[in-house]
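In what follows, a single structure is set out as structure tokens and then discussed.
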Amino acid sequence: GLVFRDAPSWTIGDRKLAQAHLVKAVALAPDYSDNRLELIEGYFKWGDRTSAEAQLEVLEELWPKLQKQLTGPKWEPRWKEWQPRFEGYQKKLEKYRKKKN
């Protein structure tokens, strides 16, 4: 999904394929933070804030559980990447909500 999402459309970039693969990744491993974060990023890239917000709400509920499950030295580097992305998406949606009101 990332290849199709991030590649230019004049090469192999394809929103529909990217979305299908990213949604499938979330369905196959819903408790793996990276899958939802990548899908949220895709939704932002495609201007679909409603879907980004829906996925972020699910991730916000899962986040405390995931922080307890995915622990130890092997997960530390991932959390250092995930946490700022998660917080960045929360801030981005908060700005969007303020503009909307």
Side-chain angles (χ1 to χ4, degrees):
L2 300 180
V3 171
F4 293 116
R5 183 193 71 195
D6 297 340
S9 60
W10 56 270
T11 60
I12 62 168
D14 187 311
R15 177 185 174 171
K16 287 183 182 181
L17 282 174
Q19 187 172 349
H21 285 287
L22 293 171
V23 167
K24 186 173 183 177
V26 168
L28 290 171
D31 288 350
Y32 183 58
S33 305
D34 216 20
N35 290 342
R36 283 193 200 278
L37 289 169
E38 295 297 351
L39 182 57
I40 292 166
E41 185 172 328
Y43 285 138
F44 275 124
K45 182 176 183 174
W46 305 318
D48 186 348
R49 289 195 173 31
T50 302
S51 296
E53 186 171 12
Q55 285 298 319
L56 186 58
E57 287 174 3
V58 171
L59 190 55
E60 286 172 334
E61 286 185 34
L62 286 171
W63 204 253
K65 174 185 152 190
L66 298 175
Q67 287 178 312
K68 291 177 184 174
Q69 281 182 333
L70 308 175
T71 62
K74 123 179 177 177
W75 291 103
E76 285 177 25
R78 301 302 299 160
W79 282 107
K80 286 181 182 177
E81 178 192 338
W82 291 338
Q83 191 67 41
R85 288 175 66 199
F86 177 66
E87 291 170 1
Y89 296 147
Q90 287 177 312
K91 288 177 186 174
K92 196 171 195 175
L93 279 173
E94 188 59 36
K95 286 180 187 177
Y96 173 70
R97 287 179 189 133
K98 284 180 182 178
K99 284 182 184 179
K100 204 173 170 181
N101 294 328

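Side chains included, hydrogens not; waters and symmetry mates left out as well; all remaining heavy atoms used. Quantities reported herein were computed from a predicted structural model and do not represent experimental measurements.
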Straight-line distance of [X] [atom1] to [Y] [atom2], nearest 0.5 Å:
X: Y32; Y: Q69; atom1: OH; atom2: CD; result: 13.5 Å
X: L66; Y: L59; atom1: CG; atom2: CG; result: 7.0 Å
X: H21; Y: K16; atom1: NE2; atom2: NZ; result: 14.0 Å
X: I40; Y: K45; atom1: CD1; atom2: NZ; result: 16.0 Å
X: L17; Y: L22; atom1: CG; atom2: CG; result: 10.5 Å

Derivation and outcome, side-chain contact (heavy atoms from CB on, under 4.5 Å), residues N35 and L39: CA-CA 6 Å; N35 290 342; L39 182 57; over 6 Å; no
Sequence-distant partners of E53, side-chain hydrogen bond (donor to acceptor under 3.5 Å, both in side chains), two or more places apart: R97
Full working for side-chain contact (heavy atoms from CB on, under 4.5 Å) between L93 and F44: CA-CA 10 Å; L93 279 173; F44 275 124; 3.7 Å; yes
Intermediate values then yes/no, salt bridge (charged side-chain N to carboxylate O under 4.0 Å, His left out), E87 and K91: CA-CA 6 Å; E87 291 170 1; K91 288 177 186 174; 5.5 Å; no
From CA spacing to verdict: side-chain contact (heavy atoms from CB on, under 4.5 Å), W82, L70: CA-CA 12 Å; W82 291 338; L70 308 175; 3.9 Å; yes
Qualifying residue for side-chain hydrogen bond (donor to acceptor under 3.5 Å, both in side chains) with Y89, from E94, E41, R36, Q55: E41
Whether F86 and W63 hold their rings parallel, tilted or perpendicular, with breakpoints at 30° and 60°: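 Correct class here is parallel.
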pair E76-T71: side-chain heavy atoms closer than 4.5 Å: no
Close side-chain approach of R85 to E38, heavy-atom, < 4.5 Å: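 Counting from C-beta outward, R85 and E38 do come under 4.5 Å.
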Salt bridge (Lys or Arg N to Asp or Glu O under 4.0 Å) against R49, all qualifying residues, sequence neighbours excluded: none
Set of residues satisfying salt bridge (Lys or Arg N to Asp or Glu O under 4.0 Å) with respect to E61, sequence neighbours excluded: none
Evaluation steps, side-chain contact (heavy atoms from CB on, under 4.5 Å), between Q67 and Q83: CA-CA 10 Å; Q67 287 178 312; Q83 191 67 41; 3.4 Å; yes
Nearest heavy atoms of D34 and R78, plus distance in Å: OD2-NH2, 2.6 Å
